[in-house]
Every structure is written in C-alpha cells, then in structure tokens.
Protein chains: 2
Amino acid sequence: MQSTDQQFQFERFSVQKLSYFVVDMNQAIHFLSRHKHSILYGVSLAGLLFVLKWLELKYLIFNNGIEIYIGSIALLFTALGIWLAIRLMKPKIKTVLVEKEVYISNTPFIRNEKELTRLGISKRELDVLQLMAKGLSNGEIAEQLYVSLNTVKTHSSNLFVKLDAKRRTQAIEKAKQLGIVA
Amino acid sequence: MQSTDQQFQFERFSVQKLSYFVVDMNQAIHFLSRHKHSILYGVSLAGLLFVLKWLELKYLIFNNGIEIYIGSIALLFTALGIWLAIRLMKPKIKTVLVEKEVYISNTPFIRNEKELTRLGISKRELDVLQLMAKGLSNGEIAEQLYVSLNTVKTHSSNLFVKLDAKRRTQAIEKAKQLGIVA
DNA sequence: ATCGTCTTCATCCTTTCGGGTGAATTTCAT
DNA sequence: ATGAAATTCACCCGAAAGGATGAAGACGAT
C-alpha cells in the first residue's frame, strides 16, 4: 500500500526522468570534486597537448591548416566546458508532499510526542486538554489543577489556536485524531 | 530519507557516466538548434579565428610556443562551454519527497444498536449527536439538519438526560464509549 | 378516535465558553 | 544575565450552551 503510493507518485513525475538523471549527475560531481576531480581536467589537457605534439611531429597538423586545428581544439574544449558545467550545476529543489497512512492501534494508547512538539503544546496545556477530553468544564478543570478559572480559559484558548479548533469539542476531536489524548 | 534512496540508486549507475554525458550533450545540442543560440557560438568561434589570424600575421603567436597558445584556446573555450551550458541548460530539478503522516484507525466502526434502544435515543437525536461529536456547534447542526436552533437545543438537552451528561463534551465522550458514535 | 412518542419550534433565563487584552512571575537555555 | 517561552491570573464582553417549560403537528399503535 505504501509502496504503491510512492510508485504512483513517481509515475506522476515520470516526465521528469531527466531531472532524476540530473540528480544522479550532481551526485557524480560531488564524488569527483571530492576526489580531486580537477586532476581529470588537467590530465585531459596535458594528454591533449601530448597528442598534439605527436601530431605536430607527424606533420599532420598543418597539412589541413592551422584554422581547422584550432577549431577542433575549440570545439573539443567547448564540449568539455559544457560537460563540466552540466556536472557542476546545482539542481533546484522541489518538495513534494506525500501522505502516508498511519494506522493507529486502539488498545494501547501511545502519546504522539511528535505532534505535541510540532503543535507546540506545553505540559500544562496538555493537562487541560486531557481533562477537557474527559468532558470536564473549565471550572472543574480549574479545581482539578488547583488553578483559577481564568488560567484554564487562557490555556484552552491557546489550545484552540494551536489545534486550529473553534470549539472545545473540535479541539478534543482533533487531539484524539492526532493521538495527543486517549 | 527518500533522497538517500535516490542517492544510492544513482551511485549504482555511476559506471555509466559517459553515456549520461552523451545524452546530456544531445540535450544541449537540441537546445542550441532550437533557440538559435548556435549562431552566437558560431560567430564567437569565427571571431576568435579571425583574431587568431590577426595574431598570426603579427607573428605573436609562436613567440611563446604553440603549447601555451593551444592551452589558452583550450581554457577559453572551456569557459565558453561552461557559460553556454549554464545559459542553455534546462533548470535542474531535484525532487524531494516528504512524507506527511495521516492517522487512520484500522478498526471499522460498528454502531451499538442495543445501547441506542436501551437509552431510548431517537433517530433525530442520533443525528444531532453525530454532528455534535464531529465538533459542530448547535447552530451548525441546525443548518446541517435544516431545522431551527431551538430544535437542536431541545434534542441536545434530551440527549444529555438520556446519556446522563452535564455537558455536550461529556455526552460525546459517553456516546463514543458506548459505541453509539464513531 | 385516542394515546403516546417523535419532531418541531418558541421564550425566558442562567451558566459556560471563548475572544481580546494586559500583566506578573517563573523557568530555562543561551 | 538576559531574553524567550511558559505559567499564572485578571477584567470585559459577546456568543454559545444549557435548563425549564409550553405547545403544535405528524405518525403509528391500540
């Protein structure tokens, strides 16, 4: 199920096969640059010069004229430049959100700490939220926690904002959905 | 995590760097032919050759030896190639898949009809209860059911009596406990 | 036809909830 | 130590919820 989703995801972006390839290219660059890949360039240049020298000795170069010779060099190194640039170019990053289904087992309740921290819900707010989920009124919660009614109201108000809820019933519903309360 | 997978994926194919390079070249060439930028390149090459000819005529070229001359050309055209590639390459896109967790309970809800009849909850009251459990306000429930706010308040009041609840949050809590609502 | 339940709606009144704002104190990490 | 976040509490005000009661139409069972 999970893998299928990802599969679809990828297939949807199959038009961008090239970009995946590009990612790979970037990867390769990293490897090269890390491992003295400039040597490659130097070696190729040196090698070319060596070949040229050999050709010069053979009196083959100037038979066709200096222009053609220079032109070849130019073409070759242009290609080299393009090749290098392709390798060295940094890719733009595109972020795709994929929804992953997480099935919650109902018997043992395990608090979802991730969601808690993500939503920025504090300890005290969680206390209020738990009692709220039990069906207690703000006054009863205040009694339970030994704080004033106003304090509970402040906490609950903050909770509604953090849980993006309009009412306490909605807040409880969301909290249960997210595994914040039992 | 996802990107890591891709990383591995591509490193496996790093042996085929050359073929990728060829593909990329084709890409670049394609781009050139399409966007008439090739003219720019041709002109620049021709211009360079012209300058070279001029230099040759001035007997400046061979004073420093053919190797340095060739080297300069190589460097220059490498730079040109890089510049061209940067100008003409399609933007590289790195796709990063980010998983967002969506929580779903795997046990399908089965309504407890026995409790429903035992508590004497009517059909309409159940409607109200369900929407109430979703976190809707009385006003919103009234809209949903095409009845007046007063009607909803009556139903909810009756529900509180039948469910032995003081508040709507308590009623929801009990109803869920008894399997009356999801 | 009559009884009982369901559904609908109303009015009056009280309590609770929730928004907005401000502020004092504590806790905690930099 | 200093600034940010958390905790606490207060006051005001409007909106929503809830309690109590009455009542009218619909609908099925006796």
Side-chain angles (χ1 to χ4, degrees), chain A residues 111-178 180-181, chain B residues 111-178 180-181:
Chain A
R111 173 151 297 110
N112 193 334
E113 303 287 347
K114 264 189 260 176
E115 287 294 331
L116 270 179
T117 50
R118 187 178 71 82
L119 297 171
I121 293 172
S122 66
K123 288 186 291 292
R124 213 53 171 160
E125 284 166 352
L126 179 60
D127 291 339
V128 172
L129 185 56
Q130 284 171 322
L131 296 177
M132 197 183 277
K134 278 196 198 171
L136 302 196
S137 69
N138 286 339
E140 290 168 342
I141 294 169
E143 278 182 42
Q144 285 274 318
L145 299 179
Y146 300 105
V147 293
S148 81
L149 172 61
N150 288 310
T151 303
V152 176
K153 286 172 80 174
T154 304
H155 287 319
S156 60
S157 280
N158 292 333
L159 279 169
F160 299 153
V161 174
K162 289 175 181 176
L163 286 166
D164 190 31
K166 292 195 186 82
R167 283 164 286 282
R168 62 180 27 228
T169 49
Q170 248 179 43
I172 294 164
E173 181 60 14
K174 284 211 177 188
K176 289 193 176 184
Q177 237 265 314
L178 295 172
I180 294 171
V181 294
Chain B
R111 170 153 297 108
N112 193 337
E113 303 287 348
K114 284 172 196 169
E115 285 295 330
L116 220 48
T117 51
R118 187 179 67 84
L119 296 171
I121 292 173
S122 69
K123 182 193 166 293
R124 211 52 171 163
E125 284 165 352
L126 178 59
D127 290 340
V128 172
L129 184 56
Q130 284 172 324
L131 296 178
M132 197 183 278
K134 277 200 203 169
L136 301 196
S137 68
N138 286 340
E140 290 169 341
I141 294 169
E143 278 182 41
Q144 284 273 315
L145 299 179
Y146 301 104
V147 293
S148 80
L149 174 61
N150 289 311
T151 304
V152 176
K153 287 171 88 172
T154 304
H155 287 317
S156 61
S157 281
N158 292 334
L159 278 169
F160 299 152
V161 173
K162 290 175 181 176
L163 285 166
D164 190 30
K166 292 194 187 82
R167 280 163 288 280
R168 68 187 10 231
T169 49
Q170 246 179 45
I172 294 165
E173 181 62 13
K174 284 212 177 189
K176 287 194 177 185
Q177 209 82 51
L178 295 171
I180 294 171
V181 294

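Bear in mind that the values here come from a model prediction, so they are computed numbers and not experimental data. In the text below, chain A, chain B and the rest are named by the order of the sequence lines, each starting its count at 1.
Rounded to the nearest 0.5 angstrom, A:T154 OG1 and A:R124 CZ are separated by 12.5 Å.
Side-chain nitrogen and oxygen atoms of B:R168 include at least one within less than 4.0 Å of the OP1 or OP2 phosphate oxygen of D:dA17. In this model, the phosphate group of D:dA5 is not approached by any side-chain N or O of A:S122 to a distance below 4.0 Å at OP1 or OP2. Residue B:N138 has a polar side-chain atom (N or O) positioned under 4.0 Å from OP1 or OP2 of D:dA17. The side chain of B:N150 contributes an N or O atom lying less than 4.0 Å from OP1 or OP2 of C:dA10. Residue A:T151 places at least one side-chain N or O under 4.0 Å from the OP1 or OP2 atom of D:dC9. Residue A:R167 places no side-chain N or O under 4.0 Å from the OP1 or OP2 atom of D:dA16. OP1 or OP2 of C:dA10 sits under 4.0 Å from a side-chain N or O of B:S148. For B:H155 and C:dT7, the shortest distance from a side-chain N or O to OP1 or OP2 is not below 4.0 Å.
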Do A:D127 and A:K123 pass the salt bridge (Lys or Arg N to Asp or Glu O under 4.0 Å) test, and can you show the C-alpha distance, the side-chain angles, and the key distance before you say yes or no?
-> CA-CA 6 Å; A:D127 291 339; A:K123 288 186 291 292; over 6 Å; no
What do the steps show when you test A:I172 against B:I172 for side chain to side chain contact (heavy atoms under 4.5 Å, CB included), and what is the final call?
-> CA-CA 10 Å; A:I172 294 164; B:I172 294 165; over 6 Å; no
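Judged purely by atom type and a 3.5 angstrom limit, A:S157 uses its side chain to pair as donor or acceptor with the backbone of A:K153.
If you take CG of B:N158 and C1' of D:dA17, they are 15 Å apart, rounded to a whole angstrom. Separating the CD atom of A:E125 from the P atom of D:dC9 is a distance of 15 Å, rounded to the nearest angstrom. Computed from coordinates, the A:K162 NZ to C:dG18 P distance equals 16 Å when rounded to whole Å. The CZ-P distance, from B:R124 to C:dC9, rounds to 9 Å in whole Å. Protein atom CD of A:E143 is 18 Å distant from nucleotide atom C1' of D:dT8, rounded to whole Å. We find that NZ of A:K153 is positioned 15 Å from P of D:dA16, with the value rounded to whole Å. In this structure, CD1 of B:I141 is placed 15 Å from P of C:dT7, rounded to the nearest angstrom. Rounded to a whole Å, the CD atom of A:Q170 is 11 Å from the P atom of C:dG19.
Each of A:R168, A:K174, A:K166 was scored for a side-chain contact (heavy atoms from CB on, under 4.5 Å) with A:F160, with one residue passing: A:R168. Of the residues A:K114, A:E115, A:R111, the one that meets the side-chain contact (heavy atoms from CB on, under 4.5 Å) test with A:L178 is A:E115.
Salt-bridge annotation for B:K134 and A:E173: absent, with no side-chain N of the basic residue lying under 4.0 Å from a carboxylate O of the acidic one. Ionic pairing of A:E113 and A:R118 is not present here: no N-O contact between side-chain nitrogen and carboxylate oxygen is shorter than 4.0 angstrom.
An angle of 50°, rounded to 10°, separates the two end axes of the helix from C:dA1-D:dT30 to C:dT30-D:dA1, each defined over five pairs.
For C:dC9, the base has a donor-acceptor partner in the side chain of B:T154 [N/O atoms by modelled type, under 3.5 angstrom].
Position along DNA chain C of the nearest nucleotide to B:L149 versus B:I121 favours B:I121 as the more 5'-ward residue.
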